[in-house]
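Side chains are part of it too, since the values below use all heavy atoms of this structure and drop only hydrogens, waters and symmetry mates. Every chain is numbered from 1, with letters handed out A, B, ... down the list of sequences.
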4 protein chains.
Amino acid sequence: MAPRRATTTSKLSQRGSRAQARQREIIDAAAAVFSEKGYHGSSTRDIADRVGMQQGSLYYHFPSKDAALAEVCRVGVEGFVAGLETIIADEQPAEAKIRAAFANHLKGLHDRRDYIRTFLFSRHNLPRDLRQEISRLSRLYESRLEALLLSLQADGAVRNDLDCRLAVLGFLGMCNAAAASHRPDPKIPLDAYVESFATLFLSGVMLKS
Amino acid sequence: MAPRRATTTSKLSQRGSRAQARQREIIDAAAAVFSEKGYHGSSTRDIADRVGMQQGSLYYHFPSKDAALAEVCRVGVEGFVAGLETIIADEQPAEAKIRAAFANHLKGLHDRRDYIRTFLFSRHNLPRDLRQEISRLSRLYESRLEALLLSLQADGAVRNDLDCRLAVLGFLGMCNAAAASHRPDPKIPLDAYVESFATLFLSGVMLKS
Amino acid sequence: MAPRRATTTSKLSQRGSRAQARQREIIDAAAAVFSEKGYHGSSTRDIADRVGMQQGSLYYHFPSKDAALAEVCRVGVEGFVAGLETIIADEQPAEAKIRAAFANHLKGLHDRRDYIRTFLFSRHNLPRDLRQEISRLSRLYESRLEALLLSLQADGAVRNDLDCRLAVLGFLGMCNAAAASHRPDPKIPLDAYVESFATLFLSGVMLKS
Amino acid sequence: MAPRRATTTSKLSQRGSRAQARQREIIDAAAAVFSEKGYHGSSTRDIADRVGMQQGSLYYHFPSKDAALAEVCRVGVEGFVAGLETIIADEQPAEAKIRAAFANHLKGLHDRRDYIRTFLFSRHNLPRDLRQEISRLSRLYESRLEALLLSLQADGAVRNDLDCRLAVLGFLGMCNAAAASHRPDPKIPLDAYVESFATLFLSGVMLKS
DNA sequence: TATGAATGAGTATTCATTCAT
DNA sequence: GATGAATGAATACTCATTCAT
């Protein structure tokens with residue numbers, strides 16, 4: 001139904017495409033398992049079983065469980081920024097931009113659900129150095145979102161008294177809440193989430209007085 | 001500075017108040033440890049160390065690590081409902097009610113931070129039966145919130161086209177995002193969060209046209 | 001037949017004597033296993049089996065395999081110095097002192113064979129910091145031996161052209177060679193080794209011309 | 001500076017000299033690695049890395065890690081006997097023969113340091129059958145040394161009361177002690193060791209009375 | 001109430017070895 | 001001759017839990 005596949009390259013192994021494919025299988029499996037049971041709740045055996053591999057064989061492809069977690073988180077976050085940049089660059093009215101930002105985020109959540117759940121719930125378990133690289137990426141995303149709001153505010157499209165930093169927190173919190181539940185409600189289509197969250201964010205809850 | 005203490009009674013041990021006090025010490029410690037390292041990342045030794053006790057001695061007070069987790073989650077969620085009921089019952093204009101709901105939630109987050117972080121990030125690790133009891137509580141909270149919105153909608157104070165279920169998701173996501181970071185930003189006072197989130201939720205981001 | 005038991009106290013746990021006794025059982029077992037198969041060739045299971053314990057239970061008494069190795073080495077070396085000091089202090093003719101030094105060393109080798117074989121063959125496997133503590137002890141022993149030879153040389157009892165440092169190397173090499181074989185030759189009594197090695201060291205191989 | 005190279009042929013692969021050269025590279029690497037970390041402390045990857053080869057590729061040249069160890073030990077011990085035979089055969093005074101024996105042994109230790117350290121410290125790890133072949137070689141060396149001493153004793157050049165078996169043990173222990181330290185003291189030249197050990201062995205430590 | 005000691009199952013990781021290509 | 005990928009068994013160490021004292 002949904003792609004749920006990593007698309008970007010990282011520094012992990014520039015070997016043949018056969019090897020790359022196997023690696024993608026493995027982080028896909030890791031993402032699924034981490035997403036379901038959390039980092040410490042997942043064993044390397046769980047991951048190996050899912051790939052149909054022997055536990056120890058994973059270590060031919062990944063140096064450690066940590067490294068697999070880092071890669072999953074990286075892939076999870078990475079996708080957000082690229083989409084957002086295009087939105088910022090495009091010529092659109094303010095409202096359309098914000099709606100597009102919601103669509104971008106919720107689409108990512110849908111396509112890379114396991115990756116992003118892992119980022120949201122398990123990034124704490126990364127060792128300091130790896131965690132910092134991931135934090136850098138996610139702070140980049142946040143700062144681009146804030147920049148978007150600030151520019152719209154400068155244009156007079158957004159309320160002057162809005163604390164854009166907290167608004168970004170609200171934006172992300174609202175969206176990510178949709179990823180918190182273990183299985184998403186399949187009766188609610190993606191568009192409905194986008195429509196509702198974007199409108200809520202744009203116009204609030206109260207009737208215009 | 002902040003209370004961060006459990007206040008409600010549960011079915012766990014109706015023994016003397018001396019015993020109760022010791023138990024509270026222990027779930028306080030458990031909450032702190034779970035909040036910091038997650039359920040599987042925390043060992044019973046971590047908890048015992050924090051109480052100044054021997055690992056095995058915990059089992060005099062708690063039947064299992066699971067049970068401690070359940071108790072922490074229970075205490076974390078429980079507090080929300082009581083406050084909300086008062087707000088619903090009080091005679092106030094719509095906007096004030098919603099602001100009060102934000103204050104209630106964010107105050108809880110502040111006072112029982114470790115408990116609620118544990119609920120947010122570690123409740124998945126509960127065995128099915130215990131998890132269901134906790135889910136019942138949190139769904140109760142959600143449905144009371146939804147009921148509040150629906151009643152305001154019926155009164156004509158809230159937009160007619162608002163999907164109140166998704167709005168509750170947005171409300172909670174926004175608030176809980178503030179608990180996601182390991183250490184809260186101490187430069188931003190609680191009131192600022194309440195003010196910002198409530199206004200965002202009520203009036204949205206766009207300038208009234 | 002022979003004691004083969006640790007006699008000195010170390011910093012490892014000053015707990016009840018019950019605990020101390022159990023610890024001694026464990027390093028005794030570790031010494032035996034390390035002596036037979038080398039450090040890396042010995043598994044913690046081997047040790048546990050020998051004590052009649054579960055593998056993981058060892059870790060209640062020792063923090064790591066390394067630490068057990070260090071303790072075995074420490075006990076092995078430690079005994080040598082004390083005996084030598086008495087010999088140096090005693091009033092005796094040069095020849096008697098050197099014979100006593102041989103007796104002291106070979107007796108140690110006999111009584112703590114497993115400990116000393118472990119020191120001789122497995123100390124390389126210690127992590128740097130632990131290794132240095134052990135090295136300090138063994139260098140102390142060597143320097144006391146050298147001091148003994150130097151003082152006898154100053155008294156005119158020992159050849160003036162003797163390189164005392166190399167002589168110590170020879171002394172130790174000769175003695176320790178007796179520990180190199182897996183099982184000592186039971187037909188040769190301890191006294192015969194002492195007599196032969198001491199005479200060899202004192203008078204050499206050639207007929208007085 | 002020093003050769004440190006295997007020179008003798010074994011039964012391992014009578015293939016082309018290209019193959020032989022590669023094999024020699026590999027046991028050279030194995031000797032170096034075993035010498036530094038011991039048999040169980042060395043992985044086949046360590047060896048492969050040192051040759052610049054893939055782990056599994058070693059198995060084209062050697063049937064097993066055991067076999068490589070056996071070959072290293074064999075090469076290490078083998079060299080000693082040949083040199084000693086020449087010394088025994090030559091017409092020389094007793095003292096010169098013994099000095100030559102020391103020179104022979106210490107020269108071997110210098111030229112094939114890694115091989116001999118491996119023999120000294122890791123031969124225990126050989127499986128029984130391979131170990132016996134190596135033991136045969138080293139016992140041959142010991143018995144030739146003992147024969148030398150016995151013949152000199154028969155000639156009246158060596159003390160009549162000397163236990164020649166133990167003297168051989170002393171000879172070897174003294175020499176091999178020089179190989180025990182991880183890195184030899186570079187300030188002491190080979191000749192100095194030979195001179196000192198030989199004199200010590202010949203004349204002992206005491207002043208002639 | 002609490003401790004000290006132990007258990008037994010689990011966990012990440014390593015490693016000698018194999019084999020199709 | 002050599003590689004890349006995999007296996008299966010072992011290994012040090014952790015941990016929730018139990019229980020006699």
- Kindly state whether the ring of D:His124 and the ring of C:Phe121 have centres lying under 6.0 angstrom apart.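 Yes, they do, as the ring centres are separated by less than 6.0 Å.
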- Message: Using a 6.0 Å distance limit plus a 45 degree cone around the ring axis, check whether D:Arg112 lies over the aromatic ring of D:Tyr115.
- Response: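 Relative to the ring axis of D:Tyr115, which defines the angle, D:Arg112 lies outside at least one limit.
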Taking only the side-chain nitrogens and oxygens of [X], find out if one of them lies under 4.0 Å from OP1 or OP2 of [N].
X	N	answer
C:Tyr60	E:dA5	yes
D:Gln54	F:dG4	yes
A:Arg22	F:dG4	no

Gap between atom [atom2] of [Y] and atom [atom1] of [X] - 0.5 Å precision:
X	Y	atom1	atom2	value
B:Gln132	B:Leu137	CD	CG	12.5 Å
B:Glu133	B:Arg74	CD	CZ	7.5 Å
B:Ile26	B:Glu71	CD1	CD	11.5 Å

- Message: Among A:Val72, A:Asn125, A:Val75, exactly one meets side chain to side chain contact (heavy atoms under 4.5 Å, CB included) together with A:Thr118. Which residue is that?
- Response: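 Single side chain to side chain contact (heavy atoms under 4.5 Å, CB included) partner of A:Thr118 among A:Val72, A:Asn125, A:Val75: A:Val72.
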To the nearest Å, give me how far apart [atom1] ([X]) and [atom2] ([N]) are.
X	N	atom1	atom2	answer
D:Phe62	F:dA2	CZ	C1'	16 Å
D:His61	F:dG1	NE2	C1'	6 Å
D:Met53	F:dG4	CE	P	13 Å
C:Ile47	F:dT11	CD1	C1'	12 Å

- Message: Whether B:Asp49 and B:Arg45 form a salt bridge (side-chain N of Lys/Arg under 4.0 Å from carboxylate O of Asp/Glu) is what I want to check.
- Response: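 Judged by the 4.0 Å cut-off on N to carboxylate O distance, B:Arg45 and B:Asp49 do form a salt bridge.
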- Any salt bridge between A:Arg24 and A:Asp28, counting N to O under 4.0 Å?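 So A:Arg24 does not pair with A:Asp28 through a salt bridge.
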List, with names and distances, any nitrogen or oxygen atoms from the protein found under 3.5 Å away from nitrogen or oxygen atoms belonging to nucleotides 16-20 of chain F.
unit_1 : atom_1 : unit_2  : atom_2 : d
F:dA16 : OP1    : B:Ser42 : O      : 3.3
F:dA16 : OP1    : B:Lys65 : NZ     : 2.9
F:dA16 : OP2    : B:Thr44 : N      : 2.7
F:dA16 : OP2    : B:Thr44 : OG1    : 2.8
F:dA16 : N7     : B:Gln55 : OE1    : 3.4
F:dT17 : OP2    : B:Tyr59 : OH     : 2.6
F:dT17 : OP2    : B:Lys65 : N      : 2.9

- Taking C-beta and beyond as the side chain, do A:Tyr39 and A:Lys65 meet within less than 4.5 Å on heavy atoms?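 Yes. Closest side-chain heavy atoms under 4.5 Å.
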- Item | Five-pair end axes of the helix from E:dA2-F:dT21 to E:dT21-F:dA2 and the angle they enclose, rounded to 10° |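 Taking five pairs per end, the axes differ by 10°.
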- Taking for each residue the nucleotide of DNA chain F with the nearest heavy atom, is it B:Asp46 or A:Leu58 whose nucleotide lies nearer the 5' end?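 First, find each residue's nearest nucleotide; the 5'-ward one identifies A:Leu58.
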- Task: Find which nucleotide of DNA chain F each of B:Gly41 and A:Gly52 is nearest to by heavy atoms, and output the residue with the more 5' nucleotide.
- Result: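 Looking at the nearest nucleotide for each, A:Gly52 comes out on the 5' side.
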